[in-house]
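Report on the structure given below.
Note that this is a predicted model, so its numbers are computed, not measured.
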Amino acid sequence: MGLHQGSALIPFLFALVMDALIRHIQGEVPWCMLFADGIILINKTRVGVNERLEVWRQSLESKGFKLIRTKTEYLEYKFSVESREAGMYVRIGSQVSPKRGSFKYLGSVIQEDGETDEDITHRIEVGWMKWRLTSGVLYNKKVSSILKG
């Protein structure tokens, strides 16, 4: 039996099904984390990431799910110069995944070089946006001070 579009049961049922399907392949947190619409895989090498992606792909596709190759991206955090693997790509099957310089994750911006510039800029922009939203009410003389408080 189907569910209506937007039903509150859909996220619960999806999480329940995914938990049953991937219990045997899911690694430990923080090396493998599942979210509503995505998976985060962490490994020390690109070879390790490629191996984990292939396991996930095979497992999900064997159950009728599709891993959207065009939306798969990766970020390489460079701990040191030696950690770079020349000529290696992160791929799902034959599709090469594009590399990103930063990701927005749970409201924070994570950059490949470990810097916090983008995160700080993002937080300042959000603060000013919220200020602009509230300042219209705060400076409006028609709005009572009780409501402003």
Side-chain angles (χ1 to χ4, degrees), residues 1-138 148-149:
M1 185 186 321
L3 294 171
H4 295 291
Q5 179 84 20
S7 171
L9 284 176
I10 292 172
F12 172 71
L13 292 174
F14 179 76
L16 193 66
V17 168
M18 286 301 288
D19 186 48
L21 289 176
I22 63 163
R23 183 171 286 145
H24 66 286
I25 62 169
Q26 188 174 6
E28 295 180 18
V29 172
W31 301 101
C32 179
M33 295 183 284
L34 230 60
F35 295 94
D37 61 349
I39 302 165
I40 294 178
L41 297 175
I42 300 173
N43 205 301
K44 294 178 182 178
T45 64
R46 286 188 209 152
V47 173
V49 170
N50 284 330
E51 289 171 357
R52 297 288 296 156
L53 274 171
E54 186 59 24
V55 168
W56 275 85
R57 185 191 66 77
Q58 288 175 357
S59 181
L60 292 174
E61 288 179 357
S62 71
K63 305 291 191 251
F65 286 86
K66 290 182 181 178
L67 202 60
I68 302 174
R69 291 169 167 83
T70 57
K71 289 188 176 183
T72 302
E73 302 170 324
Y74 78 98
L75 177 131
E76 178 183 5
Y77 188 84
K78 297 174 180 142
F79 291 100
S80 66
V81 177
E82 296 84 34
S83 69
R84 296 182 183 148
E85 298 169 85
M88 287 290 301
Y89 299 102
V90 172
R91 60 178 69 231
I92 300 174
S94 62
Q95 171 99 23
V96 175
S97 299
K99 184 178 177 180
R100 295 276 310 261
S102 64
F103 270 113
K104 187 187 279 187
Y105 174 68
L106 297 178
S108 295
V109 178
I110 301 168
Q111 293 176 238
E112 69 178 348
D113 56 4
E115 294 294 323
T116 58
D117 302 349
E118 285 184 47
D119 192 39
I120 291 169
T121 303
H122 171 70
R123 289 178 186 270
I124 290 170
E125 288 172 359
V126 168
W128 278 112
M129 182 185 68
K130 295 298 182 184
W131 172 253
R132 282 190 294 275
L133 286 173
T134 58
S135 64
V137 174
L138 292 174
K148 292 178 185 180

With a 4.5 Å heavy-atom cut-off, do [X] and [Y] have their side chains touching?
| X | Y | answer |
| --- | --- | --- |
| I22 | L60 | yes |
| N50 | V90 | yes |
| R100 | Y74 | no |
| L41 | W56 | yes |

* How far apart are the closest heavy atoms of R91 and L53, and which atoms are they? ->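 Reported closest heavy-atom pair: O-CD1, 4.0 Å.
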At what distance, to the nearest 0.5 angstrom, does [atom1] of [X] lie from [atom2] of [Y]?
| X | Y | atom1 | atom2 | result |
| --- | --- | --- | --- | --- |
| E73 | K99 | CD | NZ | 13.0 Å |
| T134 | M129 | OG1 | CE | 11.0 Å |
| R57 | T72 | CZ | OG1 | 11.5 Å |

* To do: Only counting residues at least two apart or in another chain, list the ones meeting side-chain contact (heavy atoms from CB on, under 4.5 Å) with E51.
  =>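 With sequence neighbours excluded, E51 shows a side-chain contact (heavy atoms from CB on, under 4.5 Å) to V47, given in chain and number order.
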* side-chain hydrogen bond (donor to acceptor under 3.5 Å, both in side chains) with S108: which of R123, E118, H122? ->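 Going through R123, E118, H122 one by one, the side-chain hydrogen bond (donor to acceptor under 3.5 Å, both in side chains) with S108 is satisfied by R123 alone.
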* If you draw a 6.0 Å radius around CG in L9, do more than 12 non-hydrogen atoms from other residues or ligands fall strictly inside? ->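 For L9, atom CG is crowded (more than 12 foreign heavy atoms under 6.0 Å).
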* **Any donor-acceptor pair under 3.5 Å from S59 side chain to V55 backbone** =>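 Here the side-chain-to-backbone pair does not exist.
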* Asked: Short question: side chain of T116, backbone of D119 - any donor-acceptor pair under 3.5 Å?
  ->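 No, T116 side chain to D119 backbone: no donor-acceptor pair under 3.5 Å.
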